[in-house]
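We count residues from 1, following the sequence as given.
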Amino acid sequence: MFKAKILFVGPSESGKSVLANFLSDTTETVGGEYSPTQGVRILEFESQPEGSGDKTCEVELWDCSGNFKFESCWPALMKDSSGVVIIFNPDVPSQLKEIETWFSMFISSQGLQDNQCLLMAHHKPGSDVKDGRLPLASHLSKLPLIHSNLEEEPEDVRRAFCRYLGTVVNTMSESREREEMSIIT
């Protein structure tokens, strides 16, 4: 069984904890009062990544605070991560700019491949923003982007995450196979 460490990062109040709770089946409700994450929360659960047949993956979902006062902890959080999901609220224009910072801090610095990353435009309840194209920087537009709306299409969000997880697990598997072959030869 594969174990995948996935980081949820992004600006404060973008919906990281709500999505983490939903995907890990930690809570049934998607609303509630805002409570900022202090440092990091680690949620562990099993999931069936898309394209893995009937294989199950053990997921460590690291719900990282969007507060820059925890920046000194981020290198430790990044260690041995399998993938990074940058979550942002497309209704807040400043967050579109801020995701470039998250990209450079959590993705570029680790040398992750594009397929190990995911951009998630999280639409909060009552949002008017449609699932259209967003004005992203060119290096960000190469990354897969999904729109999430837990109020209207929660299972679409779960399926999209399972697809992403499948891609991450395949990348991990290929990397492991290359490493084993280099030892043999």
Side-chain angles (χ1 to χ4, degrees), residues 1-11 14-26 40-64 74 77-90 95-96 99-123 131-134 136-150 153-182:
M1 178 186 306
F2 274 99
K3 186 173 191 170
K5 176 181 175 181
I6 307 293
L7 305 181
F8 270 22
V9 301
S14 56
K16 298 179 296 293
S17 295
V18 170
L19 285 161
N21 289 342
F22 171 74
L23 292 169
S24 65
D25 289 324
T26 302
V40 67
R41 291 182 327 131
I42 303 169
L43 296 100
E44 296 180 290
F45 60 99
E46 290 184 356
S47 182
Q48 230 171 338
E50 192 170 285
S52 67
D54 57 357
K55 292 181 188 166
T56 303
C57 177
E58 193 175 306
V59 179
E60 269 186 14
L61 207 160
W62 290 50
D63 174 18
C64 305
W74 293 344
L77 303 181
M78 289 187 267
K79 186 175 175 15
D80 299 326
S81 64
S82 315
V84 174
V85 179
I86 300 175
I87 298 167
F88 61 98
N89 181 344
Q95 289 194 6
L96 285 171
I99 58 176
E100 293 184 44
T101 303
W102 293 99
F103 176 84
S104 76
M105 294 183 92
F106 281 86
I107 297 171
S108 297
S109 66
Q110 290 190 85
L112 292 178
Q113 299 174 27
D114 288 352
N115 62 0
Q116 291 174 276
C117 309
L118 178 66
L119 295 176
M120 193 176 291
H122 181 60
H123 300 275
D131 295 0
R133 292 189 48 81
L134 296 170
L136 299 172
S138 62
H139 60 283
L140 293 173
S141 61
K142 296 176 190 165
L143 300 177
L145 167 71
I146 64 166
H147 290 263
S148 65
N149 186 330
L150 295 180
E153 296 163 344
E155 288 312 307
D156 287 355
V157 176
R158 192 180 306 279
R159 277 190 296 277
F161 182 76
C162 285
R163 270 193 307 274
Y164 162 71
L165 195 56
T167 303
V168 169
V169 167
N170 286 339
T171 301
M172 291 167 55
S173 177
E174 290 168 6
S175 175
R176 187 180 291 174
E177 286 173 20
R178 278 193 304 275
E179 194 174 304
E180 288 171 356
M181 290 306 289
S182 71

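A distance-only check finds no donor-acceptor pair linking the side chain of Gln95 to the backbone of Pro90 [under 3.5 Å]. Of the possible polar contacts, none joining the Tyr164 side chain to the Asn115 backbone as a donor-acceptor pair under 3.5 Å is found. Distance alone, capped at 3.5 Å, places no donor-acceptor pair between the Lys16 side chain and the Ile87 backbone.
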Next item on the list: Would you please test Leu136 and Ile99 for side chain to side chain contact (heavy atoms under 4.5 Å, CB included) and show each step?
Entry: CA-CA 9 Å; Leu136 299 172; Ile99 58 176; 3.6 Å; yes
Next item on the list: Go through the steps to decide whether Gln113 and Thr171 satisfy the test side-chain hydrogen bond (donor to acceptor under 3.5 Å, both in side chains), and finish with yes or no.
Entry: CA-CA 9 Å; Gln113 299 174 27; Thr171 301; 4.7 Å; no
Next item on the list: Tell me, with the steps shown, if Ser14 and His122 meet side-chain hydrogen bond (donor to acceptor under 3.5 Å, both in side chains).
Entry: CA-CA 7 Å; Ser14 56; His122 181 60; over 6 Å; no
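Taken to the nearest 0.5 Å, the CG atom of Asp80 stands 9.0 Å off from the CD atom of Gln110. For the atom pair Phe103 CZ and Cys117 SG, the distance stands at 6.5 Å (nearest 0.5 Å). Atom CG in Leu23 sits 7.5 Å away from atom CG in Leu150 (nearest 0.5 Å). Atom-to-atom distance recorded for Ser47:OG and Ile6:CD1 is 10.0 Å, nearest 0.5 angstrom. Once rounded to the nearest 0.5 Å, the distance linking OG of Ser104 with NE2 of His139 reads 7.5 Å. Note that the NZ atom of Lys3 and the SG atom of Cys57 stand 10.0 Å from one another [nearest 0.5 Å].
In this view, Arg158 and Asp25, Glu155 satisfy the salt bridge (charged side-chain N to carboxylate O under 4.0 Å, His left out) rule, not counting sequence neighbours.
Taking 4.5 Å as the limit, every side-chain heavy atom of Met105 sits out of range of all side-chain heavy atoms of Val9. A heavy-atom distance below 4.5 Å is not found between the side chains of Ser17 and Phe8. Val157 is not listed as a side-chain neighbour of Phe161, based on a closest heavy-atom distance of 4.5 Å or more. Using a 4.5 Å cut-off on side-chain heavy atoms (C-beta onward), Leu119 and Phe88 make contact. Side-chain contact check for Arg159 versus Ile146: every heavy-atom pair is 4.5 Å or farther apart. Between Leu43 and Asn21, the closest side-chain pair of non-hydrogen atoms falls below 4.5 Å. Looking only at side-chain heavy atoms (C-beta outward), Ile107 and Ile86 come within less than 4.5 Å of each other. Considering only heavy atoms from C-beta on, Leu134 comes within 4.5 Å of His147 through its side chain.
Contact record, Pro11 with Trp102: N-NE1, 3.4 Å, taken as the closest heavy-atom pair.
Salt bridge status for Lys5 with Glu60: absent, with no side-chain N to carboxylate O gap under 4.0 Å.
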